[in-house]
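Remember, predicted model here, so these are calculated numbers, not experimental data. In what follows, every chain begins at residue 1, and chains take the letters A, B, ... in the order their sequences are listed. Atom set for the values below is all heavy atoms of this structure, side chains included, hydrogens, waters and symmetry mates excluded.
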2 protein chains.
Amino acid sequence: MKDDRLIFLIFTAQNKLRTYLNNALVAANVRVTFVQAGILFLLKQSNVRTMSDLSQLIGVDNSTLTGLVDRLEKAGFVARQASPTDRRSLLIQVTPDGIAEGDKAKMIIKRVNEEIKIGFPPEEMEIFKGILRSFFEKFNKNSGNRNDDV
Amino acid sequence: MKDDRLIFLIFTAQNKLRTYLNNALVAANVRVTFVQAGILFLLKQSNVRTMSDLSQLIGVDNSTLTGLVDRLEKAGFVARQASPTDRRSLLIQVTPDGIAEGDKAKMIIKRVNEEIKIGFPPEEMEIFKGILRSFFEKFNKNSGNRNDDV
DNA sequence: GGCAAACATTTGGCATACTAACTTTTGGTT
DNA sequence: AACCAAAAGTTAGTATGCCAAATGTTTGCC
């Protein structure tokens with residue numbers, strides 16, 4: 001694979017991983033996806049989070065989170081409640097069902113996490129993670145914009 | 001970041017990269033996305049490819065490719081032609097406009113490719129790529145299925 | 001006290017992506 | 001020749017994701 005196909009490699013590898021993971025969740029009769037499970041994990045840790053809190057923590061746009069919470073709410077795994085202190089905000093709470101489903105998902109996700117590491121020493125995994133983490137500085141919102149020369 | 005958040009790191013890093021890249025393309029007045037550009041590159045290399053060829057080469061499902069080619073065709077960058085040898089197949093051809101747009105995209109994509117490598121020695125990039133490549137074996141279609149124990 | 005700016009959330013529009021189901025065609029088997 | 005399974009492509013349904021715009025609320029500044 002030529003060097004100028006690094007981005008292609010990242011995209012394709014992530015596609016494979018996502019499909020594999022979500023299929024594994026379905027096969028284990030888990031009724032949430034990986035991304036939805038991430039929300040349930042956060043809410044289990046601390047059950048009072050606004051939409052904005054959640055979207056920042058999982059790193060998606062607010063508008064994406066709306067849909068995620070819609071689906072979780074429809075399935076009975078979370079509930080939206082009005083914030084008593086700020087009428088703009090909604091507090092999202094996880095239900096007992098949501099906690100149970102999150103726990104089921106966690107087992108599968110942990111397994112796949114381990115599968116990623118198979119065949120690679122810890123030092124290599126650290127390098128891998130370090131490069132991925134560098135994306136957060138390098139590819140921050142709008143920094144790709146070159147409007148100045150237009 | 002704890003070890004069991006490796007998947008989250010991969011997902012989030014890829015999201016940042018994708019958003020940055022597509023914003024950079026828009027900022028440079030490129031009218032195709034990264035994924036669409038990949039199709040144009042392949043067709044520039046060899047201008048006779050079926051839908052199935054393309055979907056395998058860029059690593060997406062046939063049904064995903066249908067939409068990608070729809071959008072490229074609507075923009076005038078590719079054309080579908082009936083295959084003379086197999087009436088099930090379509091041959092996809094890139095237009096001169098498509099080649100020009102692909103070339104414009106390539107400049108931006110190359111730049112972002114280089115940006116990824118900044119700050120990391122080549123050996124570390126090789127490790128990074130090696131781990132991503134391992135996903136193709138580990139996470140092949142359906143291998144996440146554990147129906148045998150259900 | 002009033003008004004503009006900032007903030008929280010949703011909506012609508014678009015682009016990937018997958019699975020499942022369907023149509024048409026092909027090709028091999030009997 | 002008839003049949004039937006596999007292949008090529010599309011469609012429909014669902015799930016992320018983004019951006020831009022709209023709505024309602026809050027806050028800070030004069």
Side-chain angles (χ1 to χ4, degrees), chain A residues 11-27 31-39 49-56 58-75 80-92 139 141-142 144-145, chain B residues 11-27 31-39 49-56 58-75 80-92 139 141-142 144-145:
Chain A
F11 274 51
T12 312
Q14 197 256 10
N15 276 350
K16 299 277 182 216
L17 172 60
R18 180 171 38 69
T19 299
Y20 175 88
L21 181 52
N22 282 330
N23 283 346
L25 287 168
V26 169
R31 294 168 51 217
V32 290
T33 63
F34 171 71
V35 178
Q36 290 169 16
I39 296 173
R49 302 208 128 118
T50 66
M51 294 293 286
S52 292
D53 286 345
L54 287 175
S55 63
Q56 278 173 36
I58 68 169
V60 299
D61 193 83
N62 250 332
S63 60
T64 300
L65 191 75
T66 294
L68 288 166
V69 170
D70 282 351
R71 289 183 283 277
L72 284 170
E73 193 173 30
K74 193 173 168 189
R80 281 176 169 96
Q81 307 218 314
S83 164
T85 57
D86 186 339
R87 285 199 291 174
R88 292 171 302 180
S89 285
L90 295 172
L91 300 179
I92 314 301
F139 304 130
K141 207 163 179 169
N142 294 327
N145 205 302
Chain B
F11 274 51
T12 311
Q14 197 257 9
N15 277 349
K16 299 277 181 214
L17 173 60
R18 180 171 39 71
T19 299
Y20 175 88
L21 181 52
N22 282 329
N23 283 345
L25 287 168
V26 169
R31 292 169 53 218
V32 290
T33 63
F34 170 72
V35 179
Q36 289 169 15
I39 295 173
R49 303 206 126 119
T50 66
M51 294 292 286
S52 291
D53 286 344
L54 287 175
S55 62
Q56 278 172 35
I58 67 168
V60 299
D61 193 83
N62 248 333
S63 60
T64 300
L65 191 75
T66 294
L68 288 166
V69 170
D70 282 350
R71 287 181 283 277
L72 284 170
E73 193 172 30
K74 193 173 168 190
R80 280 174 168 96
Q81 307 219 314
S83 164
T85 57
D86 186 338
R87 286 199 290 172
R88 292 171 303 178
S89 283
L90 295 172
L91 299 179
I92 313 302
F139 304 130
K141 206 162 179 170
N142 294 329
N145 206 304

Between Thr64(A) and Val35(A), is any pair of side-chain heavy atoms under 4.5 Å apart?
no
Could you tell me how far apart Asp70(B) (CG) and dT16(C) (C1') are, to the nearest whole angstrom?
13 Å
Spacing of Ile92(A) atom CD1 relative to dT9(C) atom C1', expressed in whole Å
10 Å
Leu91(B) versus Pro84(B): any side-chain heavy-atom pair under 4.5 Å?
yes
note: Gln56(A), atom CD; dC18(D), atom P; distance rounded to Å ~ 13 Å
In whole angstroms, the gap separating C1' of dA7(D) from CG of Asp86(B) amounts to 8 Å
Taking dA8(D), dT9(C), dC18(D) as options, the one with an atom nearest any side-chain atom of Arg88(B) is dA8(D)
Give the nucleotide from the list dT16(C), dT19(C), dA7(D) with an atom nearest to the side chain of Asn23(A).
dT19(C)
For the side chain of Arg87(B), starting at C-beta, report the closest nucleotide among dT26(C), dG9(D), dT19(C).
dT26(C)
Spatial distance of atom CG (Leu68(A)) from atom CD1 (Ile39(A)) [nearest 0.5 Å]
4.5 Å
Would you classify Thr64(A) as touching base, sugar-phosphate or nothing, given that sugar-phosphate means primed atoms plus P, OP1 and OP2, and contacts are heavy atoms under 4.0 Å?
base
Where the side chain of Met51(A) is defined as all heavy atoms beyond and including C-beta, which of dC19(D), dT9(C), dT25(D) is the nearest nucleotide?
dT9(C)
Side-chain (Glu73(A)) to main-chain (Arg80(A)) donor-acceptor, under 3.5 angstrom:
yes
Whole Å only: how far is the CG atom of Asp61(B) from the C1' atom of dA12(D)?
13 Å
Asn22(A) near the nucleic acid: base, sugar-phosphate alone, or nothing, with a heavy-atom cut-off under 4.0 Å?
nothing
Here's a test of your reading of the structure: between Gln36(A) and Ser63(A), which maps to the more 5' nucleotide of DNA chain D?
Gln36(A)
Just checking Ser83(B): base, sugar-phosphate only, or nothing, at a heavy-atom cut-off of under 4.0 Å?
nothing
Check every strand shown and say whether Ser89(B) touches a base, only sugar-phosphate, or nothing at a heavy-atom separation below 4.0 Å.
sugar-phosphate
Using whole Å, what does the distance between atom P of nucleotide dA17(C) and atom CG of Leu21(A) come to?
16 Å
Pick base, sugar-phosphate or nothing for Asn62(B), based on heavy-atom distances below 4.0 Å to the nucleic acid.
base
Would you mind reading off the distance between Leu65(A) atom CG and dG17(D) atom P, rounded to a whole angstrom?
11 Å
Any side-chain N or O of Arg80(A) under 4.0 Å from OP1/OP2 of dA8(C)?
no
How would you label the contact of Leu68(A) with the nucleic acid (heavy atoms, under 4.0 Å): base, sugar-phosphate, or nothing?
sugar-phosphate
For Thr33(A) and Asn22(A): C-alpha separation, side-chain torsions, deciding distance, then whether side chain to side chain donor-acceptor pair (under 3.5 Å) applies.
CA-CA 6 Å; Thr33(A) 63; Asn22(A) 282 330; 4.9 Å; no
Which part of the nucleic acid, if any, lies within contact of Arg71(B), taking any heavy atom under 4.0 Å across all strands shown: a base, the sugar-phosphate backbone alone, or nothing?
base
Within less than 4.0 Å of OP1 or OP2 of dT16(C), is there a side-chain N or O belonging to Arg18(B)?
no
Starting from C1' on dA17(C), measure out to CZ on Phe139(B) and report it in whole angstrom.
18 Å
Among the nucleotides dA17(C), dT9(C), dT25(D), which one has an atom lying closest to any side-chain atom of Leu90(A)?
dT9(C)
Just checking Thr66(A): base, sugar-phosphate only, or nothing, at a heavy-atom cut-off of under 4.0 Å?
base
Nearest listed nucleotide, side chain of Val60(A), among dG17(D), dA15(C), dC18(C)
dG17(D)
When you look at Asp53(B) and Thr50(B), which way does the side chain to side chain donor-acceptor pair (under 3.5 Å) test go after all the steps?
CA-CA 5 Å; Asp53(B) 286 344; Thr50(B) 66; 3.3 Å; yes
